[in-house]
Each structure stands twice: as structure tokens, then as C-alpha cells.
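Both counts, for ligands and for their atoms, begin at 1 and track the order of listing. Just so you know, these numbers come straight off a predicted model, no measurement behind them.
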Amino acid sequence: MLTDILVFLSGLCAGSFLNVCIDRIPLEKPIFSSPPTCTNCGSRVQVRDRIPVLGYIMLKGKCRNCKTKISIQYPLVELLTGLLWLLVYRRYGAAAETIALIFLFSILTAAAFIDLKYMIIPDSLVLAGLAGGIPVFLYHVFYKSFSLYFSASWYAPLIGMVSASGILLMVAFIGFLIYKDDGAMGMGDVKLFLPIGLFLGWRLSMMTLFIAVMLAGIVSAILLIFRVLNRKSAIPFGPFIVMAAFITGFFGPFLLGIL
Ligand SMILES: [Zn+2]
């Protein structure tokens, strides 16, 4: 119980850091250089207001200085990250899988929110994800026991890296040949599957791709029916990939076990 609380609180704090990443990475501002500031008036966010979720509630969602509404993104990302950390810990316990998934899911959370806001997947996030995957790869090579790969072969994570991203790359290439336009299936989605594949192996990344396509299809259909979108609107695919990766991270091994 105490560990659960500690894991959840650590997740909240990590979420607070992810908010800084979401704000700064797309604008190419350094992440660590300065303390967080109000995106409207630029005043420094005081330490007491930086307490995850509680800070937002105590400020009633408004900047202490200029009273501008603070985006719901901040408490949302913090809560989501806290919850993801807790759920992963409850699912896998004190294991290498927990550390790996906590890292991957945090990177993916930042990627999803950046994609929603800016329709891009920053290379720096993909690279950070890949860098975090190196210890997982080495762990697998030495102990041959990283359960998410469903394989003892040392190259399992490498196949994971090129599986779903390879398929998306082909789709992007065919789209380019047909439409002479590389906008339809962004290269960002191809790149996003590199760290996902490295952490989840090829079976779970293919499952992630499948679930992401289904989710995107269902949600787009609903948004079209309710005329939130028209046929020309573009919605980013990244957040669906991320949601799908969360689902496979939690339920994938179970689903593969019974299929
Ligand atoms: Zn302000």
C-alpha cells in the first residue's frame, strides 16, 4: 500500500516534468534551463503552485499573477502519468518490465499531447525513447527474460523496432507514390513505433498498430457522424498509437496468452 502511494506520487511529479517537456520541446526551448513560467504572462510559477494537481486546484485553474485560465492539460497529464505508473506497478510488480513500461509510457504521454497540440512527433522524444530502450535491450541480452518480447533471441527487440514502423513506412511510401504527398501518413508515426517496438517487441507492437488503427477508425467515424470533423480535417494518429500502446502494455501479454 505504501509503495503504491509512493509510485503514484512519483508518477504525479513525473507528469509535472512531462508538462514542461510538452510546453518546451516543440518550441525548441531547453527543458532544464529555467523554472516553469506562465505561458501567458511569463511570471514564474511559485514552488507551492507547482505541487502536481493540488497546485492547479488551489489556484482554481487560474494564473496567480495574471488570472489567465491554466490549461486543463497540466493536471490531466499529471493525473494520467500518476495513474499509469501505479497501474504498471500493480500489473508487473517490482520487475524490469515495470521500470521499462513506466519510462516508455511517460515518453509516449508527452508525445501524444505534443501531437494533439502541434501535429508533430519531435525527434528528440523518439531519441530519448530509444536511449531508454538500450538498457532494456542489454537486460534482455544478458538475462533473456524480458517477458514482453515473448522470445529469448537476442535480436527480438530489434525485430520489434522495425516491425510496425516498417509497415507504417511502407504505407507512407505507397501513399507518397499515389498522392505525391507525404502528409497523409506522417513520418512521425513511423518514428514513434521505433521506441514502442524496442520496448514491446514485434508481437505487442503489431497488436498496438492494429488497436491504434481500430481506435482511430472508430473515433473518426463518431466525430464525422456528429460533424465535429469533416472529410478534409486531419486528426493526428499519434494519440491513438499511444492509447493502443497503453492497452497492449497492460493487456497484451494476457491477450497473447489466450489467443
Ligand atoms: Zn500568468
Side-chain angles (χ1 to χ4, degrees), residues 4-88 102-129 131-132 186 188-189 191-192 195 219 223 226-229 233-243 245-246:
D4 288 350
I5 295 169
L6 279 177
V7 170
F8 179 68
L9 291 179
S10 312
L12 286 182
C13 296
S16 168
F17 172 68
L18 291 180
N19 274 320
V20 178
C21 297
I22 294 166
D23 284 346
R24 295 187 181 179
I25 290 176
L27 305 177
E28 294 180 358
K29 284 188 192 162
I31 295 166
F32 297 103
S33 63
S34 54
T37 51
C38 167
T39 44
N40 182 55
C41 68
S43 67
R44 266 194 190 189
V45 183
Q46 296 182 18
V47 175
R48 60 179 157 160
D49 298 337
R50 283 164 62 186
I51 303 166
V53 187
L54 278 182
Y56 180 85
I57 293 171
M58 287 192 297
L59 288 170
K60 300 195 179 71
K62 289 183 189 124
C63 167
R64 187 179 287 280
N65 185 42
C66 68
K67 306 294 176 202
T68 308
K69 242 182 130 213
I70 302 169
S71 165
I72 190 77
Q73 170 208 314
Y74 297 95
L76 200 68
V77 167
E78 287 159 357
L79 269 180
L80 177 69
T81 314
L83 221 61
L84 284 169
W85 281 41
L86 178 63
L87 289 173
V88 169
I102 274 177
F103 179 82
L104 176 69
F105 286 0
S106 302
I107 294 272
L108 291 181
T109 301
F113 278 85
I114 290 174
D115 202 15
L116 270 177
K117 274 169 94 170
Y118 300 94
M119 300 279 275
I120 51 158
I121 306 278
D123 287 341
S124 54
L125 266 185
V126 173
L127 290 174
D189 303 321
K191 287 181 285 184
L192 191 56
V219 172
L223 294 179
F226 289 99
R227 294 176 193 278
V228 181
L229 292 179
S233 338
I235 49 171
F237 188 41
F240 295 106
I241 299 175
V242 170
M243 274 190 280
F246 293 163

Margin query: Ser10: which residues meet the side-chain contact (heavy atoms from CB on, under 4.5 Å) condition with it, sequence neighbours left out?
Written below: Trp85
Next item on the list: Assess the pair Phe32 and Phe17: is the distance between their ring centroids shorter than 6.0 Å?
Entry: yes
Check: Which one of Val20, Ile22, Leu27 satisfies the side-chain contact (heavy atoms from CB on, under 4.5 Å) criterion with Arg24?
Finding: Val20
Note to self: Going by side-chain contact (heavy atoms from CB on, under 4.5 Å), Pro239 matches just one of Ile114, Asp115, Val219. Which one?
What the structure shows: Asp115
Next item on the list: Evaluate salt bridge (charged side-chain N to carboxylate O under 4.0 Å, His left out) for Lys117 paired with Asp23, printing each intermediate quantity in order.
Entry: CA-CA 10 Å; Lys117 274 169 94 170; Asp23 284 346; 3.6 Å; yes
Check: From the Zn ion (ligand 1), how many protein N/O/S atoms are found at a distance short of 2.8 Å?
Finding: 4
Note to self: Tell me whether Asn19 contacts the main-chain N or O of Tyr74 through its side chain, where contact means a donor paired with an acceptor under 3.5 Å.
What the structure shows: yes
